[in-house]
Number of protein chains: 2
Amino acid sequence: MDQVDRELLSALVSDGRATYQDLGAKVRLSPNTVAERVRRLQHNGVLTGFHAQVDLEALGRSLTLLCDISLREDVARGDFERGLSEVPQVISAFHLTGEYDYELRLACVGTDEFEDVIDVLKGTHGVRRLRSRLILREVRLSSDSLLRQPSKSSHRKR
Amino acid sequence: MDQVDRELLSALVSDGRATYQDLGAKVRLSPNTVAERVRRLQHNGVLTGFHAQVDLEALGRSLTLLCDISLREDVARGDFERGLSEVPQVISAFHLTGEYDYELRLACVGTDEFEDVIDVLKGTHGVRRLRSRLILREVRLSSDSLLRQPSKSSHRKR
DNA sequence: AATGAAAGCACACTGGT
DNA sequence: ACCAGTGTGCTTTCATT
C-alpha cells in the first residue's frame with residue numbers, strides 16, 4: 001500500500017471503468033503493472049467492488065429520507081437485518097450507537113409509499129420507534145481523501 | 001425504461017465492471033444492443049457513474065461516524081459545502097430537514113483525528129452544534145430493489 | 001516489481017434487417 | 001429496436017530483467 005496504490009484507488013473511485021491504460025498513464029506505469037496492483041488491492045480486501053451509481057430521482061423515487069429506528073426488545077438484530085432486504089425502498093442501513101439503533105436510507109415514489117413502508121417496518125419487522133428526516137440534497141464532495149496517507153501522529157499538540 | 005433496462009441497472013450496480021457480453025447473456029440480447037441501452041441510460045441521467053468501493057478499515061480509517069450538524073446563522077450553505085471538500089475525513093454529506101441542517105459521514109484513523117475534525121468544523125467551517133454517533137457496522141442488503149417497477153397506485157386501500 | 005510482445009477479447013462503428 | 005461484421009484498442013499471459 002504505497003502512494004501509487006492510493007492514487008490508483010482514488011482514480012478508480014472517481015471512475016470505476018477507467019482502463020488500465022488510463023490508470024497507467026496517470027501513475028507512470030505500464031498497464032500491465034497497474035493491472036497487477038489492482039488485482040492485489042482486490043485480493044487484500046482494500047478494493048471491495050465496482051458499482052454503478054443510479055439516480056433514484058430519474059427512476060421515479062424522488063422522496064428520499066433518513067430514518068432513525070429502534071427495535072422492540074424481543075427482536076433479534078439478525079432477523080431484523082435479513083428482513084430489511086425484503087423492503088425494496090431501503091437503500092442502505094447502519095447499525096449505530098446512540099439514541100436509536102439503526103439509521104436507514106429510504107427511496108420512495110411518494111408519501112403514500114413511504115406511509116406503507118412505515119407500517120411494514122412497525123408491523124412486521126419489529127420497529128418500536130421511528131424518526132424521519134427528509135433528504136433535501138446530497139452534497140457533491142470533490143475531495144481526494146484517499147490520497148492522504150493516514151498518520152496516527154499528526155494530531156495537534158496539547 | 002423497460003424491464004430490461006432495470007435488469008441492466010441492477011446488474012451494473014452489483015458489478016460495475018461487467019462487460020456488455022456478460023450483460024447481454026443475462027438479458028438475452030446482443031452485446032451491441034446492450035451497449036446502446038447502457039449509453040442511453042447514461043445520457044438520460046439514470047446511470048450517473050461508475051465507482052470503485054474501498055474498505056475504509058483496510059485503509060486504516062477504522063473509526064466511522066455519523067455527524068449531525070447545524071450551521072451558525074451567518075454562514076452560507078454554499079461556503080460551508082465547498083469547505084467540506086477540504087476536510088478529507090468527510091466521506092459524504094446530506095442536506096436535511098429536521099433538528100440539524102446536515103448529516104456527515106466521517107472516516108477517521110482514531111479519536112485524535114476525530115477530535116481535530118470537530119475543532120476544524122467548529123472553528124473554520126461555521127458549525128454551531130454537533131452530535132455524533134458511532135457507526136458500528138454497515139448492514140449488507142441483498143435487495144434487487146431496482147428491479148421493482150415503481151407504481152404510484154399500489155398503496156393499500158383506506 | 002516492472003516491462004514488452006503476442007494472443008485473445010471487448011468495444012465502437014457502420015450498415016442492414 | 002436489434003443484430004452482424006470489421007477495425008481498433010484493451011487485457012491477459014508469458015518470458016525477461
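We name chains A, B, ... by the order of the sequence lines, and we start the count at 1 in each one. Hydrogens, waters and symmetry mates are skipped; everything else that's a heavy atom, side chains included, is used.
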Query raised in the report: Among all residues two or more places apart in sequence or in another chain, which pass the side chain to side chain donor-acceptor pair (under 3.5 Å) test with B:S30?
Result: B:T33
Query raised in the report: Excluding sequence neighbours, so at least two apart, what forms side chain to side chain donor-acceptor pair (under 3.5 Å) with A:T124?
Result: none
Query raised in the report: For the side chain of A:S10 and the backbone of A:D144, is there at least one donor-acceptor N/O pair under 3.5 Å apart?
Result: no
Requested in this report: Name the first nucleotide and the last nucleotide along DNA chain C (5' to 3') that come under 4.0 Å of a heavy atom in chain B.
Outcome: C:dA10 to C:dC13
**Report entry** Stepwise salt bridge (Lys or Arg N to Asp or Glu O under 4.0 Å) test for B:R37 and B:D2
**Finding:** CA-CA 11 Å; B:R37 279 176 176 264; B:D2 57 5; 3.0 Å; yes
Requested in this report: Take the C1' atoms of the five end pairs on each side of the helix from C:dA1-D:dT17 to C:dT17-D:dA1, get both axes, and report the angle to 10 degrees.
Outcome: 30°
Requested in this report: For the pair B:R133 and B:D68, find out whether any cationic side-chain nitrogen is under 4.0 Å from an anionic carboxylate oxygen.
Outcome: yes
**Report entry** Heavy-atom pair with the smallest gap, counting every atom of B:L23 and B:L8
**Finding:** CB-CD2, 3.9 Å
Report summary line: Closest heavy-atom pair, A:H125 versus A:F80, reported as atoms and distance to 0.1 Å, is O-CD1, 3.4 Å
Query raised in the report: Along DNA chain D, 5' to 3', what are the outermost nucleotides having an atom less than 4.0 Å from a heavy atom of chain A?
Result: D:dC10 to D:dC14
Requested in this report: Check the side chains of B:T48 and A:Q53 for a donor-acceptor pair under 3.5 angstrom, ignoring hydrogens and angles.
Outcome: yes
Query raised in the report: With a 6.0 Å cut-off on ring centres, are A:Y102 and A:H95 close enough?
Result: yes
Requested in this report: Output the distance between atom CG (B:L106) and atom OG (A:S145), rounded to the nearest 0.5 Å.
Outcome: 11.0 Å
Query raised in the report: Is the count of non-hydrogen atoms from other residues, nucleotides or ligands lying under 6.0 Å from A:Q3 atom CD greater than 12?
Result: yes
Query raised in the report: Regarding B:R137 and the six-membered ring of A:F94, is the cationic atom NZ or CZ under 6.0 Å from the ring centre and inside 45° of its axis?
Result: no
Query raised in the report: At under 4.0 Å between heavy atoms, what does A:R28 touch on the DNA or RNA strands: base, sugar-phosphate, or nothing?
Result: nothing
**Report entry** DNA chain D-proximal residues of residues 7-22 of chain A, any heavy atom under 4.0 Å
**Finding:** A:T19, A:Y20, A:Q21
